[in-house]
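This report refers to the structure that appears directly beneath it.
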Number of protein chains: 2
Amino acid sequence: MKSVVILGSTGSIGTKTLDVISRLNDKFKVIGLTCDSNAELLLRQIKLFNPQIAAIRDVSKYKALKDRLGSSKTKLYAGMEGIIRVAAHNKSDIVVIAISGSLALAPLLAAIKLSKKIALANKESLVMAGELVISLAREKKSQIIPIDSEHSAIFQCLNLTPTKLVKRLIITGSGGPLNNIAKSSLHKVKPKDALNHPKWDMGKKISIDSATLMNKGLEVIEAHWLFGIDAKNIDVLIHPEAIVHSMVEFIDGSIIAQLGPTDMRFPIQYALTHPDRFNSHNGSLDLTRIKNLSFKSPDFEKFPCLHLAYEALSMGGTSTAVLNGANEELVHLYLKGIIAITDIPRYIARVLDSHKVKKSPDLEDIMEADRFARSTVKEFLAKE
Amino acid sequence: MKSVVILGSTGSIGTKTLDVISRLNDKFKVIGLTCDSNAELLLRQIKLFNPQIAAIRDVSKYKALKDRLGSSKTKLYAGMEGIIRVAAHNKSDIVVIAISGSLALAPLLAAIKLSKKIALANKESLVMAGELVISLAREKKSQIIPIDSEHSAIFQCLNLTPTKLVKRLIITGSGGPLNNIAKSSLHKVKPKDALNHPKWDMGKKISIDSATLMNKGLEVIEAHWLFGIDAKNIDVLIHPEAIVHSMVEFIDGSIIAQLGPTDMRFPIQYALTHPDRFNSHNGSLDLTRIKNLSFKSPDFEKFPCLHLAYEALSMGGTSTAVLNGANEELVHLYLKGIIAITDIPRYIARVLDSHKVKKSPDLEDIMEADRFARSTVKEFLAKE
């Protein structure tokens, strides 16, 4: 039985991870849980899974939660320090990083330093600090198994094939909820429509990123770091049915693709059980019912975020941290109804322009670039 | 540089293998060639590739060919003995079995006995004698890399994954040239129309097998032996675009598929270069141009040959040799205009019914079953 810690257990990936573990009777034991601020759900999860340790980032909710835990044996911590304490629990075999956004970076690095096996659902950490994360993981022999359906697909397609045999990675995307909306109407799209993803049930941040195709851009950057492939050899392909989760083309022209139901429990289970596979209780894919799979090129003009991501990756250094920080800030502003969805790429481009790139950044440089991006977004907005 | 022997070098797969080798400068050296009766083409190939040894099965053409070879250093042999002598050439690293039909079996076994690495394009040998071939290959540590596009695809998808993690193999097929012809019109189909395959450029025998879907049936049997998967876990899926060459579903619901251009030079090159891959000079697949991939279940009523193949495999022993022998004989009779294409499954069913299955057959039992099938076909025909 393997011991698992889940950081971000109350979110979309976190709850599905607990679901997968519950169905894989006696294969995994949950020994650590953390959440951002959803104390109610964390309490239920603690009662159900009896972890040795748990943490809530929102310090203001610590006391009440602690009281309600009563005689539970679970040790409860608070704040980012608490999260990192759970990430670094010395008894875990696998650390699932299901925290959304840049907040995942510090606990991820803490787990890597202890040579943990990582199941990584967070993409922002690699977008911000890919070079740092991957070189530390290599040094500490910490294996990172991606949970993102696209990167799980590529990981499965590669199946340890050496990078020199790879011609290109083909990251597929459904095209998101705005795929069929005219470019001229994009600026009017309300958050509730942008959140209405046709294929995937996901958190809010990633749903908006899917609507702007920034999600695909972040995935290109993530794939670059995870698999060591140049950006020019990573393509994005729109595939509305979301059945082919990504592909690898080898130098001899052979393409290996991974297909599966549109359900994150599949890549989550794979990340937990790798290199083994266990029977799934989540159904099966029937191509005779799906009948058709379609493919087309992404529209870079309609979705400038995708181009910005490639650009930031080619600029290198702190550029992708700036891209990510500005994007995260702008998505929140869009969700609050303060800006239009088309403002997101417009401001990101301006923030990238005004940033002086630092090459081979350390963690402090990256956090500084992140702060720069966020404050510059606010500055620009205040002036308009 | 690896030394290659090609049995059946003047056929469809043989000529493409020489094409692939010519393009892979200095990676492979052709040291043996054989043909059935196309002396003209074999002569040209000998002059071009200067093999150490060659053979022509048709003894009547030996003398004239020998004379025309003049001062060539290539040693020329004749008859089945000559073919087997080339198959067993002690200097070869890879033996390509590109002979069509049951004639491939003896030279295949000869090469396996010498622990050669086999690139296998012939499916009839495994259909007739799968148990024998695979157990001998295991004993002699002779590795068999399939060239058939479907089995090459499955081989690449598996990429050494243990069989116990496989839920099912999904063998795709374009549906063949008769896919869109009504069942009621099938009996009128002329050989020239049945030979007109929409996707693949192939030899005559396999083209007719594609038209009756017997080809998929033979592939199911071949896959059973190559990959050790039960027939009930091998499905056939009609995929008219012939881009996905086959798939593997694992027990956790993840499907790995292999895609590529519809060109046998891709699986041929893979079989030669495996486990390495080299740059291909045969173009690349662009899914944004193909746009759509479609899938449907095969029509077992319209194409009874497919069902007969599953049935023969479940009957086991000599049944598949009988299926194969009867089919080969009937395809020749159809090509000669003697029977209708719909007579093929009708007679196969009758021959299978009249055969007494021998379990765990040795080579003599298999050859006897083959002779039984062929003579019984003729007997039935003579009586009608």
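Lettering follows sequence order; numbering is per chain, from 1.
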Counting only non-hydrogen atoms closer than 4.5 Å, can you tell me which residues of residues 236-252 of chain A sit against chain B? Leu237(A), Met247(A), Glu249(A), Phe250(A), Ile251(A), Asp252(A)

Answer key: most heavy-atom pairs under 4.5 Å with chain B among Ser284(A), Pro267(A), Ser254(A) is Ser254(A)

Roughly how far, to the nearest 0.5 Å, is CG of Leu158(B) from CG of Leu169(B)? 6.5 Å

What option among Gly260(B), Pro275(B), Gly253(B) has the most heavy-atom pairs under 4.5 Å with chain A? Gly253(B)

I want to check something: taking the side chain as every heavy atom from C-beta on, are Ser210(A) and Asn215(A) in contact at a cut-off of under 4.5 Å? yes

Among Asp286(A), Thr273(A), Asn159(A), Asn292(A), which has the most heavy-atom pairs under 4.5 Å with chain B? Asn292(A)

Close side-chain approach of Lys2(A) to Lys117(A), heavy-atom, < 4.5 Å: no

Looking at Lys116(A) and Ser92(A), would you say the former's side chain and the latter's main chain have a donor-acceptor pair under 3.5 Å? yes

Using the salt bridge (Lys or Arg N to Asp or Glu O under 4.0 Å) criterion, which residues pair with Lys302(B)? Sequence neighbours excluded. none

With only heavy atoms counted, which part of Gln269(B) is less than 4.5 Å from chain A, the side chain, the backbone, both or neither? side chain

Residues of residues 172-183 of chain A contacting chain B, heavy-atom criterion under 4.5 Å, by residue number: none

Would you say the side chain of Ile268(B) lies within less than 4.5 Å of the side chain of Asp19(B), judging by non-hydrogen atoms? no

Phe155(B) vs Phe227(B) aromatic rings, parallel, tilted or perpendicular, using cut-offs 30° and 60°? tilted

Can you list everything that forms a salt bridge (Lys or Arg N to Asp or Glu O under 4.0 Å) with Asp230(A)? Sequence neighbours excluded, please. Lys232(A)

Is it the side chain or the backbone of Leu24(A) that comes within 4.5 Å of chain B heavy atoms, both, or neither? neither

Which region of Lys296(B), side chain (C-beta onward) or backbone (N, CA, C, O), has a non-hydrogen atom less than 4.5 Å from a non-hydrogen atom of chain A, or is it both or neither? backbone

Can you check whether Asp148(A)'s main-chain N or O pairs, donor with acceptor, with Ser152(A)'s side chain at less than 3.5 Å? no

Could you check whether any side-chain heavy atom of Asp93(B) comes within less than 4.5 Å of a side-chain heavy atom of Ser3(B), counting everything from C-beta outward? yes

Heavy-atom distance under 4.5 Å between the side chains of Leu218(A) and Ile206(A), does that happen here? no

Is Pro162(A) in contact with chain B via its backbone, its side chain, both, or neither, using a 4.5 Å heavy-atom distance? neither

Where does Phe266(A) contact chain B at under 4.5 Å (heavy atoms): side chain, backbone, both or neither? side chain

State whether the side chain of Asp263(B) and the backbone N or O of Arg265(B) hold a donor-acceptor pair below 3.5 Å, judged by distance alone. yes

Mark yes or no for whether His151(A), through its side chain, and Glu219(A), through its backbone, hold a donor-acceptor pair below 3.5 Å. yes

Does the side chain of Leu126(B) reach to within under 4.5 Å of the side chain of Ile221(B), using non-hydrogen atoms? no

Name the option with the most non-hydrogen atom pairs under 4.5 Å to chain A; the candidates are Ala257(B), Ser294(B), Gly283(B), Ser297(B). Ala257(B)

